[in-house]
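In what follows, a single structure is set out as C-alpha cells and then discussed.
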Protein chains: 4
Amino acid sequence: MDYKVADLTLADFGRKEIELAEHEMPGLMAMRARYGADQPLQGARIAGSLHMTIQTAVLIETLTALGADVRWATCNIFSTQDHAAAAVVVGPKSAGGTVDNPQGTPVFAWKGETLAEYWDEAEKVFQFKDADGNAIGPNMILDDGGDITLLVHKGTEFEKAGAVPGQDSTDNEEYKEVLRVLARSLDNDPTYWTNIGAGIKGVTEETTTGVLRLYDRFKEGSLLFPAINVNDSVTKSKFDNKYGCRHSLIDGINRGTDVMIAGKTAVICGYGDVGKGSAESLRGQGARVIVTEIDPICALQAAMDGYEVKRLESVVEFADIFITTTGNFDIIRVEHFEKMKHQAIVGNIGHFDNEIDMAGLAKIPGIVKDEIKPQVHQWIFPASDGGQGKKIIVLSEGRLLNLGNATGHPSFVMSNSFTNQVLAQIEIFTKLDEYPIGVYVLPKHLDEEVARLHLDAIGVELTELNQAQADYLGVPVEGPYKSEHYRY
Amino acid sequence: MDYKVADLTLADFGRKEIELAEHEMPGLMAMRARYGADQPLQGARIAGSLHMTIQTAVLIETLTALGADVRWATCNIFSTQDHAAAAVVVGPKSAGGTVDNPQGTPVFAWKGETLAEYWDEAEKVFQFKDADGNAIGPNMILDDGGDITLLVHKGTEFEKAGAVPGQDSTDNEEYKEVLRVLARSLDNDPTYWTNIGAGIKGVTEETTTGVLRLYDRFKEGSLLFPAINVNDSVTKSKFDNKYGCRHSLIDGINRGTDVMIAGKTAVICGYGDVGKGSAESLRGQGARVIVTEIDPICALQAAMDGYEVKRLESVVEFADIFITTTGNFDIIRVEHFEKMKHQAIVGNIGHFDNEIDMAGLAKIPGIVKDEIKPQVHQWIFPASDGGQGKKIIVLSEGRLLNLGNATGHPSFVMSNSFTNQVLAQIEIFTKLDEYPIGVYVLPKHLDEEVARLHLDAIGVELTELNQAQADYLGVPVEGPYKSEHYRY
Amino acid sequence: MDYKVADLTLADFGRKEIELAEHEMPGLMAMRARYGADQPLQGARIAGSLHMTIQTAVLIETLTALGADVRWATCNIFSTQDHAAAAVVVGPKSAGGTVDNPQGTPVFAWKGETLAEYWDEAEKVFQFKDADGNAIGPNMILDDGGDITLLVHKGTEFEKAGAVPGQDSTDNEEYKEVLRVLARSLDNDPTYWTNIGAGIKGVTEETTTGVLRLYDRFKEGSLLFPAINVNDSVTKSKFDNKYGCRHSLIDGINRGTDVMIAGKTAVICGYGDVGKGSAESLRGQGARVIVTEIDPICALQAAMDGYEVKRLESVVEFADIFITTTGNFDIIRVEHFEKMKHQAIVGNIGHFDNEIDMAGLAKIPGIVKDEIKPQVHQWIFPASDGGQGKKIIVLSEGRLLNLGNATGHPSFVMSNSFTNQVLAQIEIFTKLDEYPIGVYVLPKHLDEEVARLHLDAIGVELTELNQAQADYLGVPVEGPYKSEHYRY
Amino acid sequence: MDYKVADLTLADFGRKEIELAEHEMPGLMAMRARYGADQPLQGARIAGSLHMTIQTAVLIETLTALGADVRWATCNIFSTQDHAAAAVVVGPKSAGGTVDNPQGTPVFAWKGETLAEYWDEAEKVFQFKDADGNAIGPNMILDDGGDITLLVHKGTEFEKAGAVPGQDSTDNEEYKEVLRVLARSLDNDPTYWTNIGAGIKGVTEETTTGVLRLYDRFKEGSLLFPAINVNDSVTKSKFDNKYGCRHSLIDGINRGTDVMIAGKTAVICGYGDVGKGSAESLRGQGARVIVTEIDPICALQAAMDGYEVKRLESVVEFADIFITTTGNFDIIRVEHFEKMKHQAIVGNIGHFDNEIDMAGLAKIPGIVKDEIKPQVHQWIFPASDGGQGKKIIVLSEGRLLNLGNATGHPSFVMSNSFTNQVLAQIEIFTKLDEYPIGVYVLPKHLDEEVARLHLDAIGVELTELNQAQADYLGVPVEGPYKSEHYRY
C-alpha cells in the first residue's frame, strides 16, 4: 500500500471532488462523449449565474468541453463551495483530466458574499474578451432565478430612460444594490447594457421563479431574446425539485442542528414538487409531518399521501420543525414566530429568503440574533422579566438551507437538470432561427433523452416497445411516448 | 336495542350501500346541494356506459337529481355489482331518500354478461322516450372506454357506406359483436345511428383509452360532437388512477387469492399513474416490487422511488405476482407464461384484457383452464409426462382485477372522478356554443373546485392566500393557482 | 384448451383452496416431508380448537400425516370457513392428494354458531374411539385462547367439588354456556373431565390470552399437564401478530366496508405486535394513523415510527376508523361511541370482543342495530328529535374483524405459527419426561428451524457463518445464534 | 435586534451546543431535576470511556450534577468532538449554566488520536485525587466496548502472573498498545491494577460487544466486580441501535460523500437492530436495499419488511453501497472488494472496524490509499496496464462511520441510553449489596421510566389503565406492564 497524504490546496480538493461527481453525472459525461468532437458551442460566450457548487463545476466544464467560453457567478450569497470555485478557476490541468482547458474558467463567487459583493460579481460575468483581447459581451446566458437576466433587462430599460432610479426609491435591500451597480454602469457607458442585450442570442433558465419573470416580460413585450424554460422539463422539475429536496432537506437539518428528526412534528409549508420531496424526506426519518397548502388539489394529494393538512395557525404552537417550500412570500411571519416553542427550528428550501419574514423577525423589540455556527442562528426572544426568553433556531438566515447548511442537491439529480441546460444552450445557440423571442420548453424527445442517459448508471433495464405495440399506442418505437399534457 | 334483521332484497341491500357511499362521495353530494334547485340537466337525456357499481349509482342519481333522464349500461362484462344495478332500477323511493326519483333509472347490466349480451345491452341505452312516449335518442353521452361512442360513430359510418362489414372481416371476438349489432340495426333502420349522432350534443369520457380514440377521431375529422376529456382532469387522473389503484389492487388480490403479499416478489408492468399506485399498494404490504417500463422518464421515477427496474424477461422466472398497468397490449405473453413459477399470480389493472395474451394462453397445447371460484382460474400446464404440470393463477380472466375480484375503486376517490363527470355534463349541456367539435379538458378552476369539495370530509384545512401573496404569485386569491402545464 | 367448469361442492372448493394453501405453507409441507415416514404422532389423539380456516385445514392434515388422530372445533363463532371445514371432513381422497387419509377428520364447526352451539361443539373434540371402537379421550390438546383447556380444568375442578355453579352465578353470557355444558356432563358422568384430564400428556397453546391463563394456573398450582407456549416463539409472535395483521386488517376493513382508507384518520389502540402491524397496514394505504398506548416504551416506539400518540379521548371526535389491538378490555366504551362522527368505523383485531364495550353499546336507549350485511352492522343512534341520528359501523360485532370480515391471516404467515404447533406437539408427545408440569417455550434452535423452512419459498439466500466467525461470536455455525433475551 | 457575532473559542462553541443538546435530552435533565438535591453519586469517582461527543458531555455533567467526580476518555480514536471535550473541561461556568461545576471535568480525548495515544489516555481516567490531593483510583466504571474494563482485568491478571507478555506475542496492533501500557505500569507499581480493581464497586457497560466480554468473564470466573448491562435495556437496544442508526447512517454517508442515495442499490450486512435501522434509513431516501443475514429469523423479518435477502457474493458486483452492521468480523473481505464496481462506497456502523477487512485491503499489491478528506479515502486499485484502476471509497477507515463522518446518534435517542447509564450508576453505587458479582440488566420498571421521561418532549399522551383493566391484565396500574421475555 502506498499512502497519499491529504495535504491539499483548496483547488486540488475541489478537483478530487469534481472527479467523484463526474461519475455521478452520467448525463453530462454523455454530453461530452457525444458532442466533444463536434464542438457545437464553439463561439459561444456564456455568462452563467448558478450556485457555484461541485456539480456546477461539472456543468461548466461540460460547456467548455463543447467549445464554449464561460464566465460564472453564483446566484446565492451562501451557496458557493469555495473548493469548487477554486477548482474551476484552476481547471483540469493534468493529462488525466476529462477536459482539456489548461487555463480554467473565471469564477466570481465565494461563500458568504455581502449583497454588494454579490451584485458586483454578477456584473463581471458579462466581461469577455474576443480573440484579439478586446472587451466583448456574452452571446448566451445561463441563469438561475433570473438575476443576471434582470441586470441586462433593467440596464437596457434604464439606459433607454436615460436614468437609474435612486437607491432610496426602494425598501428592498437587494434591489438597492442592483440600482447602485446599474447607476455606476450608466455613468460609465450609457449604452453598455443595451449593447450587451443586443448581443445575446438567448437565455436558459433553471428555476420556477426565473421562469415566471421571463413569462411576465414576454407578456408585457419587454423580453429581449428567446428563453428556454429548463425548469419545466420533466427531468428537471419532477426530479431535482422532488428527489433533490428529499435528499438535501434532512442533510441540511442534520448538518445544521444534529437534532433527531424521529418523533418530531414537522410542518411543511407547500406541497408542490419541493414540498412533496421535503415531506417524504422527514417522514423517512420518522417525523410526523403536517402540510399547509393553498391549492385544493395539492392539499388533497397531501391527504391521500397520509399527511395531516392544516393551517399554520392551527399547529404553530406545538410543532418542532417548520420548512417553507412555497415559492411565495411571507409564509412564516412574526405572528407565527411569537407562538412557536422554545428551540423550534425554522428553515426554507423554497428559493427565496422572503418565504420567512426575516426582516420582521429582526425587528421584534429586544430580540437578539446569536450565531451558533455559520448559517445556524438562535434568535433569543426577550423574556417578560427582561432576561432571555425562548430561542428559535433559524437555518441559513432563511435562505436555501440545503445549500447553506449542506451541499445542495446531489450530483446524480443535478446531472438531469444540467443535461437539460446543456441541451438547451446547444438548442438556442445552434438553431436560433427556430426560436423567435418567446419562452420555450425543450421538446419531449430531449426530455426523454436526458432520462435515458441516467439509467445505465443505476442498473435500470428499459423495456422496448415492439412495432405493433407502438402502433397500438400511436407513438414511435423510440419515443416520445407521452402527450404534452401528461403529468408523470 | 331494537334489532333489524338483514333479510334484504338485492335492491334493498344496494340502497343501504348507496346510502353509505353517499357519505363518502362529498363531491357528488355537493353537486346535488348546489344545483338541485336549478336543475341544470333538465331536458338532458344521458346515455351512460360505465362500470355499474355502487359509486356509479350515486353518480346516476346525482345526474337525475339535477334533472336528467338517464339510461345505463356497464363498460365491462364482469364489473357490475348486481345489488347496485337493482337499487338504481328501484330508485330511492322513501321520503328519506336523497333523490326524489320514484321510478328509478333503467339499467342494462349484470355481473358476468357474455360479449353478445354486453353489446346488446349497450345498444339499449340509446332508447329513450319523449314526453309523449315516442322513441327518441339521447342528447348526451357519458362514456368509459368509448364503447357506446363507438356504436354511434361506427353506426353512422356504416350507414353512410350503406353496409356493415361481415363478422368474418375481423378476428377480434368483441368487434364481431359490434358488427352483429350494427348489422341488425342497419337492417332495421338504415339511418338509425346517423339520427342518434345528430341528436347528441356531446360526450364526456372517463378513461385514457377512450380519450385516445376521441383525439384520433378529431384528428381524422370524423368526430361527430364535442367531447370533454374527464380523464385528464388532475382530480381524475392523478387520484382515481393512482390512489384508487393503490386501494383496489391489493383488495382484488386479497379477495381473489388470500395470498400473503409480504415477502413476495411482484412485477408491476408500467409506471404511469396506475403503476405508481399499484407499486405503492404492494410495497405497503411488504412485497419486493420490480417495475418494467418503456418510457425512460417513468423508469427513472421508479428508480428514484426505490424500485428495481428490469425487463420482464429478466425476472419472469422468479417473481410471484405479475400485474399489468400499461394501457398497451401484449405485455405478458405466452413466452412469459412458459417461464413462470408454479402458482405465479397474474392480473391486469390497466383497462383492457389484451395487456395479457389470454388468447395465446388458451391456445397452449394441453393446457387446462380450471375455475377455483368466479374470476379466479388456475391454468394447468401439461407436464412432460402428460400429467398436470405447473399451475398459473389468472385473475378476472385478464380483465380489470380490481373490479372483477373486488369492488373497484372506493367511493371517495370515485367522487372526485364523478364530480368531474357531472361538471362536464353540465358544461356541455348548458354551454354548447362554447364547445365547437373538439376534445376539451375542464378548466382548471373547476378541477380545483372538485378537489375543494372533498377536503372537509377528511378534515383538511386549506390555507388562504392574502392579496399580497396572490399578487406576488400573479394569481387570483381564489385560484386557479397553477399554469396549465403544471404536473402536480 | 380444456375448460373445467366450477360447479363444485363446498368440500371440493375447500380441497382446491387447501391445495393452493399447501404451496404457501412450506413449513408444514416440510414437516410432512421430514416426518411423514417416521410417524412421530402415531398414537396421538389430538383435541384441537382453533379458527377452522383453510390454513388450519393444512395444519390438521399435517398432524394426521404424521400419524395423529384428530378432532377439531373452532375457537371463534364467526371465524369458520365452511368450505375448509367440509374439505377436512371429506379428506384428501384422491391419489393425487398429499395426505392419505381417506376417511377425513371430524370437524365440529360452522360459520355463525350461537354461543350455545359453540360450547356444545367444543365438548365434542374430546370424543375419540380406540381401536376397538370404545369411547376414549384425547391424549393431546392443541388450543387457541384456551377454551377447551378451560373445559378440562373447570370440569375437573367442579367434579372435585361435586357440583357445577348455577348459570345465574355469572353475568358473562359465554361463561353461562360453559356452566351449562359442564353441569350436563357432571350429571352424565361425575368423573368425566377428571378422567379426560388424567389422560392428557400436554397442551400447545397458540395465543397470548391462552398463555396468560396457563401461567396463572401454573402459578396457582392447578395446571393439570405441561404446556408449550407457542405464542412466544419468535416465529409466531413477531410474524403472525405483526405481519399477519398488516395483511388482514385492511383486508377485513375493505371487504366489510369498501371505504377508502387514504386520507382517513385511523386510531390504533395498542402498539404491541398486533398494533405495530395494524398501524403499518393502514399507513401503507395512506391513512393518518394515531396510536393510543399505556406502556411508555411502546408509546415511544410508536412516536419514533412517526405516529402521533394520543389518548382516545383527545381524538375520538374527529377520527374515522377505530381499531383495538390491546388484549385488554373496555378500550372503546359508550362514552367514546357517544362522541364519534357519523359513519365512524369501529373494529377489533385484538382477540376478545370485550375490547369494545358491545354490551354497553346495545344498552344505549333508543339505539338500533341494523345489519348491512353479515358481520357489518350500523348502530343507529336516536336523534334528539326522535328520528335517526348518527350511525356507527361496527365490524364483526366487535370480534376479530380479520376473521369475521375477511379470511384471517394468510397461509404463509400461518405456516410459521403452525409449524411451531406441529413441532410443539411432537416435542411433548415424544419427550414427555423432559416436560414436567409447567409452561415452556420451544427451544431457540427449533424457532430458527421454523424460519429456515420458510426462506426458500420466497427466494431468500441465507449467509453461512464460517467457523472463525462462529467462534468470534461464540455460537455454533448452525445456530442458535442469539441469546434468550434477544428481542428481534 | 442586537447581533452577537460568533467568534467563539472551541469551548464556548461546545457550551452552546451542549445547551441545545440539553433541551433534546429530557431524560438526563429529569435525572438532574429529580436527584440533584439528593446527590446520590456523592463520593462516586467514575472512570468513563465513551465517545466524547456533545451528548456525552450532557451525560458527564449529569453525573457531576448528581455528586460524582468524573474522568473521561473516548472509546474510539475518531469519534471525539473536540468542542465537546473542550467544553466539558471548562465546565458550565456562568450562573446561567445548568450545572454548577466551575472547575469542569478532566477529559483525555481528541479527534484523530493514534492507537498509542488512545491507550495512554485511557489509562489516565483511573487517576483521581482524594480530598487531601493524594492519588486514588475510581470506585465506578462507565464503559463503552469494555476497553477500560479490560485494562483493569488484564492489568490484574498480569500482576498476578508477575509479567506482561511482550508486544510481539500478538499481531493485533491495538493489543500491542495495551501490552505496552500495562508493561509500563507493572514496572512502575506491580500492584497498581490489582488495587484499582479492588476499589471498584461496579461497571455499567453500553454496548453488545462490551456486554459479551463481561458475560464471558463472569462465566470463566474472572469478573472482578458486578456489571450492569445497559445495552439490553429496551430503551437502549431497541432505540439507540435502531432509531439512532436510522438517523446517523445517511447522515454519515451524506457528509462523507454527498452521493445521491436514491436509485442506488445498497447492501446492509446484518438485520439486527442496527441493520433494521440502517435499512430503513436508506429506503427512506429511495435506495433499493438488499440485506444479508446468517440468522433465519432475522432473514425472514427482512423479507417480510420487503427487502431482498441475498448472500453478499450474489450482489457484490452490482451494488453501489455496502454497510456492515453485524457485530461479527470479516464480513466484507478482499474477495468482495475485488469484485466491486468503480466508486462503490463501503462503510461500517456495527461497532468494530474488523467487520471490513481493512488490513487485507491494504495488503492488495499495488493498491493506493488516497485521502479525499478526513475519514474519506479512495482505495485505488492497480489497473492491468499498471495505471490507476477502479477506486473504492471507504468511510472512516472501516470504523463507525456515523461517528467518524457525522456526529453520531442524535441527542434525543442518546438521552434514552444515557438515562439508563445514570440509573445504572446510581443502582450499583447506592445498592451494592443487592448486586453480588454478576451481570445484570436494569429492572423493567426503570426501563419503562426511562421511556416515560421522554414522552412529554415530543407531545406523546400516555393512556392510563384503570384498576379494572390492570386487574384484567394482572399488572399494576403504574407498570411494569410486560413480562421479561416480551420482545417489543
Side-chain angles (χ1 to χ4, degrees), chain C residues 212 216 232 234-235 237-239 242-243 269 272-273 292-304 308-312 314 327-331 413 416 441 447-452 454-455 458-466 468-469 472-474 479 481-482 484-488, chain D residues 212 216 232 234-235 237-239 242-243 269 272-273 292-304 308-312 314 327-331 413 416 441 447-452 454-455 458-466 468-469 472-474 479 481-482 484-488:
Chain C
L212 210 67
D216 284 350
D232 288 310
V234 187
T235 47
S237 62
K238 297 288 277 192
F239 287 83
K242 182 174 175 190
Y243 301 113
C269 299
D273 288 318
T292 74
E293 247 301 340
I294 58 155
D295 183 323
I297 297 178
C298 297
L300 194 57
Q301 285 185 307
M304 291 296 106
E308 202 177 340
V309 185
K310 295 286 173 198
R311 273 187 289 273
L312 186 52
S314 305
N328 202 337
F329 88 118
D330 238 8
I331 305 304
V413 80
N416 282 277
V441 293
D447 213 347
E448 292 183 357
E449 184 60 13
V450 170
R452 200 181 298 269
H454 289 84
L455 300 180
I458 50 174
V460 168
E461 294 176 7
L462 204 59
T463 300
E464 273 181 57
L465 283 181
N466 60 40
Q469 290 175 322
Y472 185 89
L473 292 181
Y481 302 105
K482 300 293 195 301
E484 283 308 315
H485 64 264
Y486 187 74
R487 297 193 186 86
Y488 296 89
Chain D
L212 209 65
D216 283 348
D232 288 311
V234 187
T235 46
S237 62
K238 298 288 277 191
F239 287 83
K242 182 173 175 190
Y243 301 113
C269 299
D273 288 319
T292 75
E293 246 302 338
I294 59 155
D295 182 324
I297 298 177
C298 297
L300 195 57
Q301 286 185 306
M304 292 296 106
E308 202 177 341
V309 185
K310 294 288 173 198
R311 273 187 290 274
L312 186 51
S314 305
N328 202 338
F329 88 119
D330 237 9
I331 304 305
V413 80
N416 282 276
V441 293
D447 213 348
E448 292 183 357
E449 182 62 12
V450 170
R452 200 182 297 270
H454 289 84
L455 299 180
I458 49 174
V460 168
E461 294 177 7
L462 204 59
T463 301
E464 274 181 57
L465 284 181
N466 60 38
Q469 290 174 320
Y472 185 88
L473 292 180
Y481 302 105
K482 299 293 194 300
E484 283 308 315
H485 64 263
Y486 187 74
R487 295 191 187 90
Y488 296 90

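Both backbone and side-chain heavy atoms feed into the values below; hydrogens, waters and symmetry mates do not. A note on names: the letters A, B, ... follow the listed sequences, proteins ahead of strands, and every chain is numbered from 1.
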Value for CD (Glu308(D)) from CD1 (Ile458(C)), rounded to nearest 0.5 Å, stands at 11.5 Å
When rounded to the nearest 0.5 Å, the distance separating CG of Asp447(C) from CD1 of Ile297(D) is 4.0 Å
Please determine, among [options], the option with the most heavy-atom pairs under 4.5 Å with chain C.
| options | value |
| --- | --- |
| Asp216(D), Val309(D), Asp273(D), Thr292(D) | Val309(D) |
| Gly474(D), Ala303(D), Ala468(D) | Ala468(D) |
| Lys310(D), Glu449(D), Lys242(D), Glu484(D) | Lys310(D) |

Query - Donor-acceptor contact below 3.5 Å, side chain Arg487(C) vs main chain Asp232(D) - result: yes
Testing the basics here: between [X] and [Y], what is the closest heavy-atom pair and its distance to 0.1 Å?
| X | Y | answer |
| --- | --- | --- |
| Pro296(C) | Tyr481(D) | CD-CE1, 3.8 Å |
| Ile294(D) | Glu464(C) | CG2-C, 4.4 Å |
| Leu473(C) | Asn328(D) | CD1-ND2, 3.2 Å |

Using non-hydrogen atoms only, which part of [X] is less than 4.5 Å away from chain D: side chain, backbone, both, or neither?
| X | result |
| --- | --- |
| Asn416(C) | side chain |
| Tyr486(C) | both |
| His454(C) | both |
| Leu300(C) | both |
| Phe329(C) | both |

Could you check which of [options] has the highest count of heavy-atom pairs closer than 4.5 Å to chain D?
| options | answer |
| --- | --- |
| Ala451(C), Cys298(C), Gly479(C) | Ala451(C) |
| Leu465(C), Leu455(C), Val234(C) | Val234(C) |
| Glu448(C), Arg452(C), Glu293(C), Gln469(C) | Gln469(C) |

Residues passing the side-chain hydrogen bond (donor to acceptor under 3.5 Å, both in side chains) test with Glu461(C), sequence neighbours excluded, are Ser314(D)
Under 4.5 Å to a heavy atom of chain C? For Ala302(D) that would be neither
Cut-off 4.5 Å, heavy atoms of chain C, and the answer for Tyr243(D) is side chain
Sorted by chain and number, sequence neighbours left out, salt bridge (charged side-chain N to carboxylate O under 4.0 Å, His left out) with Asp295(D) holds for Lys482(C)
